[in-house]
Amino acid sequence: MAVKASMLAAARWGDAHARCPSAPNGRRTDGTEPILGLMLRGGDPLETFELSRLTDFDFEAVCKDVFEEEFGVSLEIFTSGADGGVDLRHTEPDGTSLVIQCKHWHRSTRAKLVEYVTKVEAAKVARLNPARYVLATSLTLTKGAKDKLFTALQPYALSPNDIYGKDEIDALLRKHGHVVRRHLRLWLTSASVLNALLAKNIVTRSQALVRDLEQTLLTYAENPSYTKALDILERRRVCVIAGIPGIGKTTLAHILCAQYLKDGYELVEISEDAEEANRIWDDDAKQVYYYDDFLGQTTLQEKLGKNEDGRLLSLMGRVARDPSKRLILTTREYILAQAKQRYEKLDRHSFDTHTCVLDLTDYTFQCRASILYNHVYSSSLPASVKELFAVPSVYRPIVEHRNFNPRIVAATLAEADLLSVQPEMAPNNILANLEDPQRLWAHIVSHQLGDTDVKLLKVILSFLSSVRLKDLQSLWRVYGESIRDLKNALSILDGTMLKTSKEFGEIVVGFHNPSVRDYFVKLIESDVTELLSLIRLVRYYDQFETLWLQFPARGNGPMLPTYKECKSELETAAAAAFRSLPFKAYRRRGAPVIDFARRAWVYLEMGRDIESSMIRRMGFEAVAEDGQRLTAEDGAVDYEALLQILVDDNTAEGRKAFAQVVSSAIDWALADVSDWALIKKADEVLRSTQHYAPGVEVEAALERLESVRQEYAQAAIDDWSHPDGPNSSAAEMREIVDYYSAEQDAPHFAGFETAAEAVYGIDWEHLEVFSSGRAKQVLDRSWVSEREVEHMMGTLRNESSQGMDVRD
């Protein structure tokens, strides 16, 4: 009967290998190439896929789609734990069936698979008595293994071709490329993407970015924000990803970075300021720039205290004009709103057209379930704990929680994995932490950490970014603490609340994610005792500045009364920090330089706000230092911030300092105007100075600058008008054309039209919108039904079954 049924099935569905015989390398056995259809853009006909990076559910979903295409039938998918040997099935009207079983045994071996199929699976198949049985596995199979599996599954497997190993599945995916595009996580874990991560096309200060990208590829769950952000990047070339803390901004940015790596772009991570992108700009290379938390993690002044607003907008404009560049930025939505209020240039810029705001409405029930599933699946929790999440009464309250937040899910699972003595409480802990996000870290700090561990966390909090391990060790000795205790604390905290990585070949220590810093900021805001403990840790100016920028006391902020209570301790810290060398001087080239202008701004503002004449005097002392020191850091001085503080100070000290700052601003602006970018920076500084100090001195400086600008522009225009072609940058020439095209009283430049046509071509309208239609090539995938969510979560029951005699 079984043999007759098999013959009938072969006639009805056809044998795919007979109709389109394919060898593992993707070539037909008759010597012709298979029909590749719509493959990955820029894909290799020999593309391979890292199936081991898929979850069990991913693997089944991919098999369903690719076998439907290959066999030309629709397939049912069954919930795990009750299939009796069936993952996918097609049933004919007469009751005969095609059964496909998916074995995602990437953590096991071929020998274990053969043993399991022979001892367990074969009996299941005999009871099912299908007309045809197909086995698909993510393992690579040798000829010997396939023959053994075929022998065990006869007569239901029609031939060894019904045994699909990784090589055969790769071949099917190459053949049906649109299936790959339908499964974003499969697409982004293809060998070409992973090879791009390993290749030399990531220009980064930290190899941690590579590891972060790899981890993101394991846990990412598709949602509409990906297509929305990709569309903005393709039309505008610049995308700002905004949203509340923990919503998934960095995750989305990582996925977009991986997408562009796949397309041959060089990835440049920006960690300090927008000028980094200009330093590594390459007109001849496709580059995608990634700037995480570009406005700071907790306070706007982290990143925009030094004329950064102008540099940032300049970079955005430069990228928008260059088809070979992309810029991806992330920020918290409230910090973006603060920036637009604080900085007129940012407020004038139309961010809305570049911004993709992540919202919980993007996370449908199915998407939330995928996020939870992916994080549970990829964690190192025991299989028995993972199985808990397979039950609807466990996962539904988490998925449907009003405060659902991907970061809280991930952090709670990390705590259960690394710190908790009761990992089986992970589902309850996720719910409790969603109810009270501060609970996660409060529980760890209160019940699982010692005093030394908490002190280390506060030391990291006292800096706005990561700290070199060797600098941390030096500071630890200054505190009179044991290096052994430091190492023990690091071993406890690394991977949960702290993260160690490498920058410039050095080990650095920072918070694992921004939510840890958020917790400590709120803790210190709520308790003056905690604030005093942090103030007493200050030994360097970097720490003193962090005290002022990280907590809301500035400008009559809510913490100002608390700061006034601590005035004596703040004055002691200010005196200790005033002449200290920069703690993070390793980031600078050459010998450490004290930025007295920066210190003047912080000391003058704090002294004014907390009414400390001692701290104000130190601010005036910083201004009165050698005038050249005010301009020492190559344009990093925020003259506007200093002038804002000093303009209404009618004391003799205040008037003297104001005059010196104006003079220093003019000196800096005209010191180096050797290229267009420096001319633009000089113009910004002079005009902001003019706002506070209108008069002949600044007017004369602006006139001198305009003369230099016109001479530079004419030289660039001559270069681009030359018949032999230009030697200068096309991006810079476009900026010159844009500037003088917008000027109503622009001077006449010989050759302007010729240069403009050369740099832009005849299509002057291309600046409006650029669209390659790439985003439209990303196929919309209808979200899985509740039944499929139940199936997906149910696959967690089988997580422990690879290579063991357990139920299927």
Side-chain angles (χ1 to χ4, degrees), residues 296-299 301-302 305 441-442 445 449-467 471-472 474-481 486 489 497-498 509-511 516-584 594 598-619 621-622:
Q297 287 188 353
T298 60
T299 169
Q301 288 297 331
E302 281 180 57
W441 304 123
V445 169
L449 301 182
D451 292 342
T452 303
D453 307 322
V454 175
K455 182 172 184 177
L456 173 57
L457 290 165
K458 287 183 178 177
V459 170
I460 300 301
L461 180 72
S462 72
F463 296 93
L464 285 176
S465 54
S466 300
V467 181
D471 290 335
L472 186 58
S474 299
L475 185 56
W476 206 249
R477 291 189 187 97
V478 171
Y479 293 141
E481 299 282 359
L486 173 62
M497 301 186 81
L498 295 179
V509 183
F511 286 121
V516 185
R517 185 181 290 274
D518 291 343
Y519 163 74
F520 276 101
V521 167
K522 290 184 182 300
L523 175 67
I524 287 167
E525 286 176 1
S526 65
D527 190 338
V528 66
T529 305
E530 295 289 353
L531 175 60
L532 286 170
S533 72
L534 187 65
I535 293 173
R536 289 168 185 147
L537 291 173
V538 172
R539 298 293 186 278
Y540 288 88
Y541 168 76
D542 308 58
Q543 295 173 294
F544 184 74
E545 180 181 292
T546 299
L547 280 175
W548 192 235
L549 298 185
Q550 188 163 225
F551 302 97
R554 302 171 59 230
N556 203 30
M559 272 195 77
L560 186 58
T562 308
Y563 267 58
K564 288 181 177 180
E565 285 182 48
C566 304
K567 180 162 70 172
S568 175
E569 288 81 3
L570 284 168
E571 288 175 342
T572 300
F578 182 64
R579 291 192 177 275
S580 65
L581 288 173
F583 187 73
K584 303 193 71 177
I594 296 177
R598 180 77 169 180
R599 296 188 189 196
W601 166 58
V602 170
Y603 278 73
L604 286 171
E605 188 174 72
M606 181 188 285
R608 178 196 65 191
D609 289 358
I610 72 169
E611 300 172 1
S612 167
S613 57
M614 174 187 171
I615 295 177
R616 280 184 79 242
R617 278 199 305 273
M618 283 187 278
E621 187 180 340

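Aromatic pair Y603/F544: ring centres closer than 6.0 Å.
Heavy-atom minimum distance, D609 versus L560: O-CD1, 3.7 Å. Nearest approach of S466 to G510, heavy atoms of both residues: OG-CA, 3.7 Å. Considering all non-hydrogen atoms of both residues, I524 and M559 come closest at O-CE, 4.1 Å. Taking every heavy atom of both residues into account, I535 and C566 meet most closely at CD1-CB, 3.9 Å. The shortest heavy-atom contact between D527 and T529 is OD1-N, 2.9 Å. Contact detail for P558 and P561: the closest heavy-atom pair is O-CD, 3.5 Å.
Paired with S612 under the rule side-chain hydrogen bond (donor to acceptor under 3.5 Å, both in side chains), one option of K567, R617, E571, K564 passes, and it is E571. Here the rule is salt bridge (charged side-chain N to carboxylate O under 4.0 Å, His left out) with E605, and of R554, R598, R599 only R554 fits it.
Counting heavy atoms from C-beta on, the side chains of L547 and Q543 never come closer than 4.5 Å. Looking at E569 and L531, their side chains never come closer than 4.5 Å, going by heavy atoms from C-beta outward. Between L456 and L472, the closest side-chain pair of non-hydrogen atoms falls below 4.5 Å. A 4.5 Å side-chain heavy-atom check between S580 and R539 finds every atom pair outside the cut-off. Between L449 and M497 the shortest side-chain heavy-atom distance falls below 4.5 Å. Here the side chains of F463 and D471 are not in contact, with every heavy-atom distance at 4.5 Å or above. Residues L537 and L534 meet the side-chain proximity criterion, which asks for heavy atoms closer than 4.5 Å. Contact check for V538 versus T546: no side-chain heavy atoms found under the 4.5 Å cut-off.
With rounding to the nearest 0.5 Å, the separation of OG in S568 from CE in M614 is 9.0 Å. Note that CZ of R616 is 11.5 Å distant from CD1 of I610, once rounded to the nearest 0.5 Å. To the nearest 0.5 Å, atom CD1 of residue I460 and atom CG of residue L498 are 6.0 Å apart. For the atom pair NZ (K522) and CG (D518), the distance works out to 7.0 Å, reported to the nearest 0.5 Å. In this structure, I615 CD1 and L570 CG are separated by 5.5 Å, a value rounded to the nearest 0.5 Å.
Every ring pair (Phe, Tyr, Trp, His ring centres under 6.0 Å) that W548 has, sequence neighbours left out, goes to Y563. Among residues two or more places apart in sequence or in another chain, the ring pair (Phe, Tyr, Trp, His ring centres under 6.0 Å) test is passed with F520 by none. For the side chain to side chain contact (heavy atoms under 4.5 Å, CB included) test, residues two or more places apart in sequence or in another chain that qualify with E481 are K455, W476, Y479.
E545 places no side-chain N or O within 3.5 Å of a backbone atom of Y541 that could act as its donor or acceptor partner. The main-chain N or O of V528 is never found under 3.5 Å from a side-chain atom of T562 such that the two would form a donor-acceptor pair.
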